[in-house]
Amino acid sequence: MVTDTITDGATDGRRSGVSRRGFLQAVGVGSSAGVMFATMGAMGLAPSAAAQPTAAAWTPPRGSDFSLTGRSAKKVVVVGAGPAGLASAYELQKAGYRVTVLEARHRPGGRTLTIRGGDSETDVDGVTQTARFDDGVYMNAGAGRIAQWMVTMDYLRELGVPYEVFTNANADAYLYNEKTGATPGHPVRYRTAKADVFGYTSELLSYATDQGALDQRLTAEDKENLRSFLRSWGSLKADGTYAGGDNRGFTTYPSAWNEHGTPLPSPGTVSEVLASKVGQYFPFEINWEQSMLMFQPKGGMDTTYQYFVRAIGKQNVHFGSPVTGVENTSDGVRVTYTPGHGRPRQIEADFAIVAAPAGVMRRWDTNWGTGIDAALGEFATGSPAGKIGLQYRSRWWEDDHRIFGGITETDMDLAHVWYPSYGYGERKGLVVGYYNTGANARTYADLTPRQRERRAVEQGVKIHGEKYRTELESSFSIAWHKVPYIEGAWAYPNTESSGFKQLQQGAGRVYFAGDWMSEVSAWQHGAFWSARYAVQALHARVMAS
């Protein structure tokens with residue numbers, strides 16, 4: 001069997017459109033912080049309220065649906081104790097359904113996996129790692145962040161899960177593009193890179209405006225409004241040129257009396273700034289999926305699923321019970337599973353919701369037909385992704401670098417380095433030393449855990465200095481395509497394909513759920529909504545019978 005899977009999300013470039021007139025009106029209103037934010041939104045440089053998703057249609061089943069109609073509640077087997085599986089079981093049970101959850105792994109959450117001290121994981125190659133993290137130190141090996149508009153937040157509040165801010169963007173984190181000239185010991189702060197890119201972009205656009213290049217598009221009033229905006233956004237001098245400034249940061253920050261601080265040296269040339277390609281990272285923090293504020297459950301992302309299990313009832317959730325077969329019968333479903341490496345057992349029910357990776361499902365004994373199997377094949381290969389957690393004996397990134405949460409971006413095979421958004425002021429802490437995907441994730445996955453650590457640290461030293469090596473105490477790494485019963489990270493659905501539409505209809509008395517069955521693959525939000533729609537379809541069928 002298996003667990004449904006989830007991670008913390010990929011990005012895309014979808015944006016809401018805005019007219020030229022709307023942009024220019026926003027620019028000309030004034031120069032307060034609120035106005036500037038509105039202007040950024042109008043330009044597509046900051047998210048606007050209209051760009052955020054609104055709640056989809058959801059009519060949860062209710063116990064009164066049975067009592068008022070004289071129908072009896074049905075029995076449902078849910079395969080998978082990840083986000084989609086547990087949400088399905090939770091919503092059904094609240095309405096009076098009798099629910100049994102079968103989970104192949106030894107813990108709930110699927111790819112929403114938190115590693116704490118003492119936790120052990122064995123991959124498909126038989127390699128076992130046991131985390132040697134201190135109490136209170138943890139690594140979110142999969143899902144790591146929740147946007148405030150996501151339905152995930154609703155479940156946190158409903159279940160009473162405590163949560164806190166996850167710092168997804170930090171102006172004092174670093175950018176390090178080795179392929180375009182960055183050298184060891186010389187990363188650039190995010191705020192510095194942004195100031196330079198915005199500054200020179202503003203200078204060039206201001207120059208184009210002055211030279212008449214935009215005369216065919218803008219009126220004289222439009223151009224003045226644009227210049228006013230650019231002077232503020234790019235920190236331009238009165239003559240429209242960019243020469244750096246306080247927005248780039250300081251070598252010594254202002255303090256008191258006559259200590260006015262020492263700004264960073266003047267920026268490089270416009271050619272050098274453009275050649276560094278640091279601007280490629282800026283769309284991330286205004287992406288509709290990734291823009292702040294973001295959140296995380298206190299104590300680890302999988303805390304949510306511990307609360308789900310508690311609400312459903314531990315006696316109704318069976319771990320270590322991999323499913324090997326799902327069949328439609330004349331009046332229900334039959335699910336075959338093997339508990340605790342013992343003899344196969346079967347459980348019969350009226351319906352099943354299967355929340356498992358599509359590739360795993362295709363190896364089961366089923367009778368749902370070749371059409372469903374082919375449709376599952378569209379999602380059978382999960383993207384490779386990997387992370388490593390590095391526990392340090394001191395929080396040197398806070399003490400020495402003044403970085404409290406956030407992400408450093410690189411063009412090395414590390415991809416991303418995450419600083420913890422919890423444990424501030426504690427003695428020790430954990431940095432996610434790489435979060436990579438695709439070919440880079442496969443490269444690291446083919447190494448031993450110790451080799452992964454060594455490679456990640458060697459590259460991290462280039463950004464952070466020798467304490468990245470000397471303060472290290474222990475590590476734990478994961479390669480998602482090597483995790484049993486999961487075997488990959490997210491899959492991107494083609495929601496217009498005939499196969500996807502067929503899976504939405506289910507197969508007999510079997511319904512499917514998982515983040516890969518949603519518009520928002522790779523997020524818990526997508527898994528939860530797929531569960532809601534599966535539950536809604538199942539319940540409508542019961543009410544119509």
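This structure is a prediction, so every number in the text was calculated from the model and none was measured.
- With 3.5 Å as the limit, one finds a donor-acceptor pair spanning the side chains of E409 and H416.
- Looking only at atom types and distance, the side chain of E473 has a donor-acceptor partner in the side chain of Q391 under 3.5 Å away.
- Within 6.0 Å of the CG atom in D135, the count of heavy atoms belonging to other residues, nucleotides or ligands does not exceed 12.
- For R145 and N168, the side-chain atoms include at least one donor-acceptor pair closer than 3.5 Å.
- By the neighbour-count criterion of 12 heavy atoms within 6.0 Å, atom CZ of R62 is sparsely surrounded, having that number or fewer from other residues, nucleotides or ligands.
- Shortest non-hydrogen contact noted between Y434 and A456 is CD2-CB, 3.8 Å.
- With a 6.0 Å cutoff to the six-membered ring centre and a 45° limit on the axis angle, R452 does not count as a cation-pi contact of Y444.
- Residues W490 and F379 place their aromatic rings such that the two centres sit no closer than 6.0 Å.
- Aromatic rings of F404 and W397 (six-membered ring for Trp) have centroids beyond the 6.0 Å cut-off, not under it.
- For Y190 and Y174, the ring centers are positioned 6.0 Å apart or more.
- Here the CD1 atom belonging to I372 is positioned 4.0 Å from the CD atom belonging to Q502, to the nearest 0.5 angstrom.
- Counting only distance, with no hydrogens or angles, the side chain of D134 and the backbone of V137 share no donor-acceptor pair below 3.5 Å.
- Between T408 and Y419, the side chains place a donor N or O and an acceptor N or O closer than 3.5 Å (distance only, hydrogens not considered).
- Taken to the nearest 0.5 Å, the OG1 atom of T304 stands 7.5 Å off from the CZ atom of F308.
- A donor-acceptor distance shorter than 3.5 angstrom exists from the side chain of N328 to the backbone of A507, with no hydrogens or angles considered.
- Between the side chains of W58 and Q536, no donor-acceptor pair of N or O atoms lies under 3.5 Å.
- Between R105 and E121 there is a salt bridge, since at least one side-chain N of the basic residue sits less than 4.0 Å from a carboxylate O of the acidic one.
- Remark: F319 CZ to H106 NE2 distance equals 10.0 Å, nearest 0.5 Å.
- One side chain, Q296 or E164, offers a donor N or O that lies under 3.5 Å from an acceptor on the other.
- Screening T324, V326, V323 for a side chain to side chain contact (heavy atoms under 4.5 Å, CB included) with Y337, the sole residue that qualifies is V323.
- In R343, the CZ atom is not crowded: 12 or fewer heavy atoms of neighbouring residues, nucleotides or ligands sit closer than 6.0 Å.
- For the pair K387 and W480, the cation does not sit on the ring face, since its NZ or CZ is not both under 6.0 Å from the ring centre and inside 45° of the axis.
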Chi angles and distances behind the side-chain hydrogen bond (donor to acceptor under 3.5 Å, both in side chains) call for E158, Y307: CA-CA 10 Å; E158 182 174 332; Y307 276 66; over 6 Å; no
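- The residues K194 and E285 are annotated as salt-bridged, a charged nitrogen and a carboxylate oxygen being separated by less than 4.0 angstrom.
- The line from OG of S330 to CZ of R509 is 8.5 Å long, rounded to the nearest 0.5 Å.
- The CG atom of D154 sits 9.5 Å away from the NE2 atom of H525 when rounded to the nearest 0.5 Å.
- Between R111 and D515 there is a salt bridge, since at least one side-chain N of the basic residue sits less than 4.0 Å from a carboxylate O of the acidic one.
- Residues E378 and S497 bring a donor and an acceptor atom of their side chains to less than 3.5 Å of each other.
- A salt bridge does not link K75 to D350: none of the charged side-chain nitrogens sits closer than 4.0 Å to a carboxylate oxygen.
- Contact check for Y511 versus V354: no side-chain heavy atoms found under the 4.5 Å cut-off.
- Salt-bridge check for D119 with R107: passed, with a basic side-chain N closer than 4.0 Å to an acidic carboxylate O.
- Donor-acceptor pairing under 3.5 Å is recorded for the side chains of T114 and N140.
- Looking only at distances, no side-chain donor or acceptor of H318 sits under 3.5 Å from a matching main-chain atom of E103.
- Aromatic rings of F284 and Y281 (six-membered ring for Trp) have centroids beyond the 6.0 Å cut-off, not under it.
- Y392 has its ring centre less than 6.0 Å from the ring centre of Y468.
- One finds no salt bridge joining R363 and D373 here, because no Lys/Arg side-chain nitrogen approaches an Asp/Glu carboxylate oxygen to under 4.0 Å.
- No side-chain heavy atom of V417 sits less than 4.5 Å from a side-chain heavy atom of I407.
- Side chains of Q524 and T152: a donor-acceptor N/O pair is absent below 3.5 angstrom, by distance only.
- Remark: the Y97 side chain and the H539 side chain contain an N/O donor-acceptor pair separated by less than 3.5 Å.
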Please determine whether side chain to side chain contact (heavy atoms under 4.5 Å, CB included) holds for the pair V151 and W529, giving the CA-CA distance in whole Å, both sets of side-chain angles, and the decisive distance to 0.1 Å. CA-CA 8 Å; V151 72; W529 269 111; 3.6 Å; yes
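- Within the structure, salt bridge (charged side-chain N to carboxylate O under 4.0 Å, His left out) contacts touching residues 318-328 (residues at least two apart or in different chains) are E327-R334.
- For the side chain to side chain contact (heavy atoms under 4.5 Å, CB included) criterion with S88, the lone passing option out of V76, I353, V99, L538 is I353.
- Put simply, CE on M517 and OG1 on T495 are 11.0 Å apart, with the number rounded to the nearest 0.5 Å.
- Taking the side chain as every heavy atom from C-beta outward, F166 and Y422 never approach each other to under 4.5 Å.
- When atom types are taken as modelled, the side chain of N494 and the backbone of E496 share a donor-acceptor pair closer than 3.5 angstrom.
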